[in-house]
Amino acid sequence: MKLGLAIRELHRSERKLARQLSALSARHPVEHEIFYTSRDLAVWSREHIADLADAGSRYGLKLSTDRHSTAHAAGLQQRVSVLLGRRPEPALLLLAELRRVHRTAAGVSLDWELLAQGAQAVKDVELIELTQRAHPQTLRQLRWANGMLKVLSPQALSS
């Protein structure tokens with residue numbers, strides 16, 4: 001059964017998204033909306049990582065369940081970001097990072113869709129419930145990144 005491959009790929013993608021959101025928070029403490037919200041959104045991805053590891057074990061996978069491994073090494077990034085403040089270059093870097101988060105979240109969303117379809121095909125009720133619980137959170141992450149791009153891009157690109 002190839003459902004294990006889909007779980008493994010989604011687990012990898014969620015880890016990437018959690019790392020990106022945590023790094024975004026650490027690099028932009030001056031932007032309070034970015035700092036706090038991206039930190040909160042990273043928690044969802046870390047929960048998804050643990051949930052996928054649990055689901056994967058039923059398919060013979062041994063995936064990391066560490067919810068906190070993606071949240072380390074933020075201190076130096078934060079100190080440098082505070083020193084840089086609100087200069088134009090950091091604003092452009094922020095837009096680039098938000099674009100990466102948006103693209104990653106879009107991929108994660110698609111992976112949740114694929115996993116939901118596979119879970120329905122094999123009638124795995126627990127996996128279907130996991131996709132129904134987690135996918136809306138990923139969509140929220142995607143919408144947040146899109147919204148922040150719309151809010152921040154005019155000033156960053158016109159200054």
Side-chain angles (χ1 to χ4, degrees), residues 5-56 63-119 129-159:
L5 294 172
I7 294 170
R8 182 182 303 281
E9 176 59 20
L10 180 52
H11 182 269
R12 185 198 62 76
S13 297
E14 283 282 7
R15 286 176 59 96
K16 181 178 180 180
L17 183 57
R19 280 192 307 271
Q20 287 177 345
L21 287 164
S22 294
L24 184 65
S25 176
R27 286 189 200 111
H28 302 281
V30 175
E31 296 286 343
H32 294 287
E33 169 70 16
I34 298 293
F35 178 75
Y36 291 106
T37 307
S38 60
R39 215 167 52 168
D40 291 344
L41 294 176
V43 170
W44 285 347
S45 284
R46 287 193 294 272
E47 290 171 354
H48 298 167
I49 290 164
D51 292 342
L52 286 164
D54 291 341
L63 303 171
S64 168
T65 60
D66 186 7
R67 295 174 191 236
H68 304 290
S69 65
T70 59
H72 69 296
L76 180 59
Q77 288 177 340
Q78 263 184 332
R79 286 191 293 276
V80 169
S81 297
V82 168
L83 291 173
L84 288 174
R86 293 180 186 264
R87 295 179 48 204
E89 298 85 3
L92 293 176
L93 292 172
L94 175 56
L95 290 182
E97 288 182 71
L98 282 167
R99 287 180 67 238
R100 279 191 293 277
V101 166
H102 185 273
R103 285 193 309 265
T104 301
V108 170
S109 174
L110 181 58
D111 289 346
W112 279 115
E113 289 284 352
L114 296 174
L115 186 60
Q117 294 300 314
E129 289 172 356
L130 172 59
T131 63
Q132 290 172 345
R133 192 171 58 251
H135 189 224
Q137 292 175 330
T138 301
L139 290 172
R140 174 66 182 100
Q141 291 167 320
L142 180 62
R143 284 191 302 270
W144 174 80
N146 188 53
M148 292 310 301
L149 283 163
K150 288 177 182 179
V151 166
L152 297 173
S153 62
Q155 184 176 358
L157 296 173
S158 65
S159 60

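Every value quoted in this text rests on a predicted model; they were computed, and no experiment measured them.
The line from CE of M148 to CG of N146 is 11.0 Å long, rounded to the nearest 0.5 Å. The distance from the CG atom of L152 to the CG atom of L98 is 6.5 Å, given to the nearest 0.5 Å. Atom-to-atom distance recorded for S25:OG and E31:CD is 12.0 Å, nearest 0.5 angstrom. Atom CZ in R15 sits 4.5 Å away from atom OG in S64 (nearest 0.5 Å). With rounding to the nearest 0.5 Å, the separation of CZ in R103 from CG in L17 is 12.5 Å. D51 contributes atom CG, which lies 10.5 Å from atom OG1 of T65 (distance to the nearest 0.5 angstrom).
Considering only residues two or more places apart in sequence or on other chains, V43 meets the side chain to side chain contact (heavy atoms under 4.5 Å, CB included) condition with R46, E47. Shown here are the side chain to side chain donor-acceptor pair (under 3.5 Å) partners of H48, two or more places apart in sequence or in another chain: E14, Q137. Qualifying side chain to side chain donor-acceptor pair (under 3.5 Å) partners for R140, counting only residues two or more places apart in sequence or in other chains: none. Applying the side chain to side chain donor-acceptor pair (under 3.5 Å) rule to E33 yields the partners T37, W144; only residues at least two apart in sequence or on another chain are considered. Residues satisfying the salt bridge (charged side-chain N to carboxylate O under 4.0 Å, His left out) test with E9, not counting sequence neighbours, are R12. Applying the salt bridge (charged side-chain N to carboxylate O under 4.0 Å, His left out) rule to R143 yields no partners; only residues at least two apart in sequence or on another chain are considered.
The shortest non-hydrogen separation linking P136 to T131 is CD-O, 4.0 Å. Contact detail for P154 and S158: the closest heavy-atom pair is O-OG, 2.6 Å. Contact between T104 and S13 at its shortest, heavy atoms only, is CG2-O, 4.2 Å. Closest heavy-atom contact between A55 and L130: CB-CD2, 4.1 Å.
Residues R99 and H102 form no side-chain contact, since every pair of their non-hydrogen atoms from C-beta on lies 4.5 Å or further apart. Between I7 and L63, some side-chain heavy-atom pair lies under the 4.5 Å cut-off. At a threshold of 4.5 Å between non-hydrogen side-chain atoms, the residues L92 and L157 count as touching. Within the 4.5 Å cutoff, no side-chain heavy atoms of E97 are placed close to those of Q20.
Residue L94 is tested with L149, V30, L24 for a side-chain contact (heavy atoms from CB on, under 4.5 Å); the sole match is L24.
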Open item on the list: Let's go through I49 and H11 carefully: what are the C-alpha distance in whole Å and the side-chain angles of both, what is the deciding distance for side-chain contact (heavy atoms from CB on, under 4.5 Å) to 0.1 Å, and is it a yes or a no?
Closed with: CA-CA 6 Å; I49 290 164; H11 182 269; 3.3 Å; yes
